[in-house]
Amino acid sequence: MKNKEVAGILGKIADLYEIKGGESFRVRAYRSAIAQIENMGEDIEDVAARGELESIPGVGKATAEKVRDIIETGTTARFEELKSRIPETLTDLLQIPDIGPSTVRMLWQRLGITSMDDLAQAAKDHRIRDETSFGEKGEAQILRNMEMLREHGHRLSLGVVLPMAEDVIARLKETGLVKQIGQGGSLRRRKDTIGDIDIVAETSDPKALSEAFTRLPQVQQVIESGATMTSVLTKSGLRMDIRIAEPGHFGAMLHHFTGSKYHNIHLRGMARDMGLTMNDYGVHRIDTSETVVPGKDEEEIYRVLGLPLIPVELREDRGEIEAAMEGRLPKLIEQGDIKGDLHVHTSTSDGKNTLEEMVEAARQKGYRYLAICDHTITHGVTEERLLAQIEEIRRLNQERRTKNHERPRLLAGAEVHIRRDGSLELDSRLLDKLDIVVGSVHQRYKMDKHQMTERIVKGIETGWLDILAHPIGRLINRRDPMEINFDKVLDAARAHSTALEMNTYPDRLDLNDIYARMAKEHGVKLAIDSDAHAIGELATLRYGVMLARRGWLEADDVLNTLAFDDLLEYLQTRRSRLLVPA
DNA sequence: GCCGTTTTCGGCCCGACTGTTTTCAGTCG
């Protein structure tokens, strides 16, 4: 039973309580426990096995007992009892924009609606306008919102959404109306998937800025517009909001709309204990309403609470506030720490650019090294072409010594498929000629958990894998993660000094922050690689740095922050230790 | 349902926008 599944059932219980009504604080407690369980690095089953569920923040005696029930039996008495009184399918309706628990309850009690299909039919039959306070407009809006959920109800990759937001911000800057502008929400916190775009801006002309915002070429439709916020639907189906701060309050507004919700709730609780209240216009005394700081920047807000500025990527209430209080915030990895890319392809296999073009692009990025890892036999190079490529790489490195000193050094590598039985599809005679070996699963993703874990662990135990590429195997919105026991993979990776990849291909973002933090805590190194199949894709590596920061990673945790000589020594030492000739 | 640097009971973050509104509930972030 995965954390996601346990959280899913607790979420249903919370949903059913909300539809029932009158349980707002109980619901809040559930939601807070759910957020912790979804975001914790560890398998909830392991925590339960150790009897430490109640050490999870927000999980008390009652929730711990339900979690144990769910792990053991797949459900819990409270859930069954609620379902017997309130149709479970009602919780689906909560996904529809602008439909909340009160509306669901009303639709159910007054019209007998219990599912999406019921609701669509009732709207088409005009029963909603006739028998509820929703008018004709409201009824049409429900149908539109259901359509929107069907079409765009999913979250998009950070690698897709961030460039869109950057373009919007550049255009708004061009208007000359903004004094300060930035991203907010989960986008600014660099979550791997994004549900909507939040923008925060300071201007002396809110009306003109709102109008400029709604006239952007990306905008399909204006959803709502007021004095301090305007919300639109973009042509790509993403909701996009702009919040407008009064001069002098940009930091407070930015902080408020960066979140996360639970980070903010935690901070507001601290403020409350100090007799203070926080909102998007600064920090104020509760008794006199006197403004303590207006929130011109974010530092100001944290300072009032006695805290250093907490990096945006950490603001999830996953221990960052406690770490900040105790002065032990990590020194997070930065883009500039990256010295090279250890997983790129060329036209020798399925890449779009030649070896020379990839090298030149890497040089322009200032990389000190680049590992060429084309797919092996099944997916790409033949033995002859691989040998020829190794020759070419040696020649280029030789040439670099006499001229082109600024060119990155090249590592001869391959991306080797891990077969169903855990063997590698390249034999050791060829593997031994390579400087670096990246292993990955590229076929048969749907093995059961035990078999898939065995397969990957055996692959690692061959001793050849310097890096395990895209370890989880998901494609965002297209393919679910593989079923694996991640703890066992981590144990094997640590024992064999195999680094786990943070693959920054926008469809993958694999590993993400949560798994990366787990790896770090297991003493396993990470490698942030673009898996670029074209020169333009080298730049996606920044998404990996963002997710690494969310995973609390420091430069030392990441293989490709090493200087070239240190990297080479690391690889050679590793291989000589694990692959002593028999 | 959780939690405690006055607490094991009595609190629990805060505000904008919409329209089912004319003073407020529902939804959202």
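Chain letters run A, B, ... following the sequence lines, proteins first, then strands; residues in each count from 1.
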OP1 or OP2 of dC2(B) less than 4.0 angstrom from a side-chain nitrogen or oxygen of Thr63(A), does that happen here?
-> yes
Taking the side chain of Asp280(A) as its heavy atoms from C-beta onward, which of dT18(B), dT20(B), dG15(B) lies nearest to it?
-> dG15(B)
Just by distance, with hydrogens left out, do Gln183(A) and Arg189(A) show a side-chain donor and acceptor under 3.5 Å apart?
-> no
For dT7(B), is chi within 90° of 0 (syn) or not (anti)?
-> syn
Is Gly135(A) touching bases, backbone alone, or none of the nucleic acid, heavy atoms closer than 4.0 Å?
-> sugar-phosphate
If you look at every strand shown and take non-hydrogen atoms under 4.0 Å, does Gly226(A) touch a base, only sugar-phosphate, or nothing?
-> sugar-phosphate
Is the phosphate of dC12(B), meaning OP1 or OP2, less than 4.0 Å from a side-chain N or O of Arg272(A)?
-> yes
Which value, in whole Å, describes the distance between the P atoms of nucleotides dC28(B) and dT22(B)?
-> 22 Å
Taking the side chain from Arg479(A) and the backbone from Gly473(A), do they hold a donor-acceptor pair closer than 3.5 Å?
-> yes
Say you pick atom P in dG26(B) and the same atom in dT21(B); how far apart are they, in whole Å?
-> 12 Å
What does Leu267(A) touch in the nucleic acid at a heavy-atom separation under 4.0 angstrom: a base, only the sugar-phosphate, or nothing?
-> nothing
Tell me what Ser231(A) touches on the nucleic acid: a base, only sugar-phosphate, or nothing, going by heavy atoms under 4.0 Å.
-> nothing
Report which part of the nucleic acid His266(A) touches: base, sugar-phosphate, or nothing (heavy-atom distance under 4.0 Å, all strands).
-> nothing
What residues 102-126 of chain A contributes to the DNA chain B interface at heavy-atom separation below 4.0 Å is Ser102(A), Thr103(A)
Closest to the Thr277(A) side chain, choosing from dT18(B), dC14(B), dG15(B) = dC14(B)
Salt-bridge contact Glu45(A)-Lys2(A) (side-chain N to carboxylate O under 4.0 Å) | no
Does Arg285(A) have any side chain to side chain contact (heavy atoms under 4.5 Å, CB included) partners at least two apart in sequence or in another chain, and if so, which?
-> Leu276(A), Asp287(A), Thr288(A), Glu290(A), Val292(A)
Looking at Tyr262(A), does any N or O in its side chain come under 4.0 Å of the phosphate oxygens OP1/OP2 on dC12(B)?
-> no
Kindly write out the residues that satisfy side chain to side chain donor-acceptor pair (under 3.5 Å) with Ser157(A), not counting sequence neighbours, or none if the list is empty.
-> none
Look at the side-chain N and O atoms of Lys261(A) and state whether any lies under 4.0 Å from the OP1 or OP2 oxygen of dC28(B).
-> no
Look at the side-chain N and O atoms of Ser32(A) and state whether any lies under 4.0 Å from the OP1 or OP2 oxygen of dC2(B).
-> no
5' precedence on DNA chain B between Glu54(A) and Ile265(A) (nearest-nucleotide basis) = Glu54(A)
In terms of ring plane angle, is the pair His255(A) and Tyr302(A) parallel, tilted or perpendicular, where the classes change at 30° and 60°?
-> perpendicular
How far, in whole Å, is dC9(B) from dC14(B) if one measures between their C1' atoms?
-> 25 Å
Sequence neighbours excluded, the answer for side chain to side chain donor-acceptor pair (under 3.5 Å) partners of Ser32(A) is none
Return the value, rounded to whole Å, for the distance between atom NE2 of His249(A) and atom P of dG15(B).
-> 13 Å
Contact class for Val27(A) (heavy atom, under 4.0 Å): base, sugar-phosphate, or nothing?
-> nothing
From dG29(B), dG1(B), dC14(B), nucleotide with atom closest to Asn279(A) side chain | dC14(B)
Reckon Ile96(A) touches a base, only the sugar-phosphate, or nothing at all at heavy-atom distances under 4.0 Å?
-> sugar-phosphate
Mind calculating the distance between CD1 (Ile286(A)) and C1' (dC14(B)) to the nearest angstrom?
-> 12 Å
What nucleotide, of dC14(B), dG29(B), dG1(B), holds the atom closest to the side chain of Ala62(A)?
-> dG1(B)
Of the candidates dT20(B), dG1(B), dA16(B), the side chain of Thr228(A) sits closest to dA16(B)
Under the side chain to side chain donor-acceptor pair (under 3.5 Å) test, residues paired with Ser530(A) that sit two or more places apart = Asp341(A)
Which is true for Lys137(A) with a 4.0 Å heavy-atom rule: it touches a base, it touches only sugar-phosphate, or it touches nothing?
-> nothing
What is the nucleic acid contact for Asp98(A), judged by heavy atoms within less than 4.0 Å: base, sugar-phosphate only, or nothing?
-> sugar-phosphate
Just jot down the side chain to side chain contact (heavy atoms under 4.5 Å, CB included) partners of Asn279(A), sequence neighbours excluded, or say none.
-> Tyr281(A), His284(A)
Across the strands shown, which category fits Ala227(A) at heavy-atom distances under 4.0 angstrom: base, sugar-phosphate, nothing?
-> sugar-phosphate
How is Asp273(A) classified with respect to the nucleic acid when contacts are heavy atoms under 4.0 Å: base, sugar-phosphate, or nothing?
-> nothing
Taking atom P in both dG1(B) and dT5(B), compute the distance separating them and give it to the nearest angstrom.
-> 23 Å
Any Arg129(A) side-chain N or O less than 4.0 Å from OP1/OP2 of dT20(B) | no
When the C1' atoms of dT8(B) and dC12(B) are considered, how many whole Å apart are they?
-> 16 Å
Spell out, as yes or no, whether a donor-acceptor pair under 3.5 Å connects the side chain of Thr193(A) to the backbone of Arg155(A).
-> no
Options dG1(B), dG29(B), dT20(B), nucleotide nearest the side-chain atoms of Asp241(A) = dG29(B)
From CE of Met325(A) across to P of dT5(B) the rounded distance in Å is 10 Å
Remember a base hit wins even if backbone is also touched, and classify Arg78(A) as base, sugar-phosphate or nothing at under 4.0 Å, heavy atoms.
-> sugar-phosphate
Describe the nucleic acid contact of Phe25(A) in one word from base, sugar-phosphate, nothing, applying a heavy-atom distance below 4.0 Å.
-> base
